[in-house]
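This report refers to the structure that appears directly beneath it.
Position 1 is the first residue of the sequence, and the numbers go up from there.
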Amino acid sequence: MTDSICTTKVRVRDLPLLADIGINPDEIGRRQPLVISVELTLAVGQVEAIGETVDYRKVAQAAEDLALVHIPLIEMFAQRLGTCCLAMNGVIEARVSVDKPFALTRGMAGAEVTVRRG
């Protein structure tokens, strides 16, 4: 048997939210759609019990909670969500992408942020 290295990642992908986000006068006070994806890298390689991983429902709830607070920029939203995720048990890195479907007339605007334990 050969030695192996295992990395565990927990993902929440394509979570639709209505968020209080934006810097333009017509955006402030109006909830807008966002699509959130999160990938968490855990300190533990092989997960053998629920206590060694992150409940993806907690990740979704953290995103939903942030969506209730006015945050001017999607980059800020991603950073704050990543920081929330780093506080979760065993998370050493959080990669968060936020897409804002109606920010452009054509195409999709988005940002991706990676936060790590320092």
Side-chain angles (χ1 to χ4, degrees):
M1 186 165 138
T2 61
D3 290 333
S4 61
I5 297 172
C6 178
T7 300
T8 298
K9 296 188 184 258
V10 173
R11 291 191 305 261
V12 173
R13 288 189 280 194
D14 302 330
L15 177 68
L17 295 175
L18 287 175
D20 184 2
I21 197 152
I23 59 170
N24 296 319
D26 64 318
E27 295 177 308
I28 296 172
R30 177 171 72 89
R31 293 169 56 85
Q32 298 180 72
L34 297 179
V35 179
I36 311 296
S37 291
V38 177
E39 182 176 273
L40 306 178
T41 303
L42 304 184
V44 63
Q46 292 180 284
V47 174
E48 297 183 12
I50 190 68
E52 297 173 341
T53 190
V54 173
D55 185 339
Y56 45 80
R57 293 173 295 186
K58 289 184 179 180
V59 176
Q61 186 63 57
E64 290 167 1
D65 291 346
L66 276 176
L68 299 175
V69 178
H70 179 73
I71 298 174
L73 302 170
I74 59 175
E75 293 86 350
M76 290 174 66
F77 189 100
Q79 289 168 1
R80 290 182 186 178
L81 182 54
T83 300
C84 288
C85 291
L86 277 185
M88 295 177 184
N89 184 41
V91 176
I92 58 172
E93 182 178 278
R95 190 176 78 197
V96 180
S97 67
V98 179
D99 291 312
K100 192 173 177 186
F102 301 113
L104 299 172
T105 304
R106 297 183 317 266
M108 175 101 58
E112 182 174 287
V113 172
T114 301
V115 292
R116 294 178 191 86
R117 289 201 183 276

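Under a hydrophobic-cluster definition in which Ile, Leu, Val, Met, Phe, Trp and Tyr are linked whenever side-chain heavy atoms come within less than 4.5 Å, directly or via other members, Val69 and Val38 are assigned to different clusters. With hydrophobic clusters built from ILVMFWY side chains whose heavy atoms lie under 4.5 angstrom apart, Val59 does not share a cluster with Ile50. Taking hydrophobic clusters as Ile, Leu, Val, Met, Phe, Trp and Tyr residues chained together by side-chain heavy-atom distances below 4.5 Å, Leu81 shares a cluster with Tyr56.
With sequence neighbours left out, Leu15 forms a side-chain contact (heavy atoms from CB on, under 4.5 Å) with Val12, Leu17, Ile36, Ala60, Ala63. Qualifying side-chain hydrogen bond (donor to acceptor under 3.5 Å, both in side chains) partners for Arg57, counting only residues two or more places apart in sequence or in other chains: Asp55. With sequence neighbours excluded, the residues that form a side-chain contact (heavy atoms from CB on, under 4.5 Å) with Thr7 are Lys9, Thr41. Every residue two or more places apart in sequence or in another chain was checked for a side-chain hydrogen bond (donor to acceptor under 3.5 Å, both in side chains) with Gln79, and none qualifies.
Residues in residues 10-19 take part in no side-chain hydrogen bond (donor to acceptor under 3.5 Å, both in side chains) pair, two or more places apart or across chains. Pairs engaging residues 62-78 under the salt bridge (Lys or Arg N to Asp or Glu O under 4.0 Å) rule: none recorded [sequence neighbours left out].
Shown are Leu34, Ile71, Ile21; of these, the side-chain contact (heavy atoms from CB on, under 4.5 Å) with Leu66 is made only by Ile71.
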Kindly list each side-chain donor-acceptor pair under 3.5 angstrom involving residues 88-111, sequence neighbours excluded, with atom names and distances?
{"residue": "Asn89", "atom": "ND2", "partner": "Gly51", "partner atom": "O", "Å": "2.8"}
{"residue": "Glu93", "atom": "OE1", "partner": "Arg116", "partner atom": "NE", "Å": "2.7"}
{"residue": "Lys100", "atom": "NZ", "partner": "Glu27", "partner atom": "OE2", "Å": "2.7"}

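Put simply, CG on Leu40 and NZ on Lys58 are 12.5 Å apart, with the number rounded to the nearest 0.5 Å.
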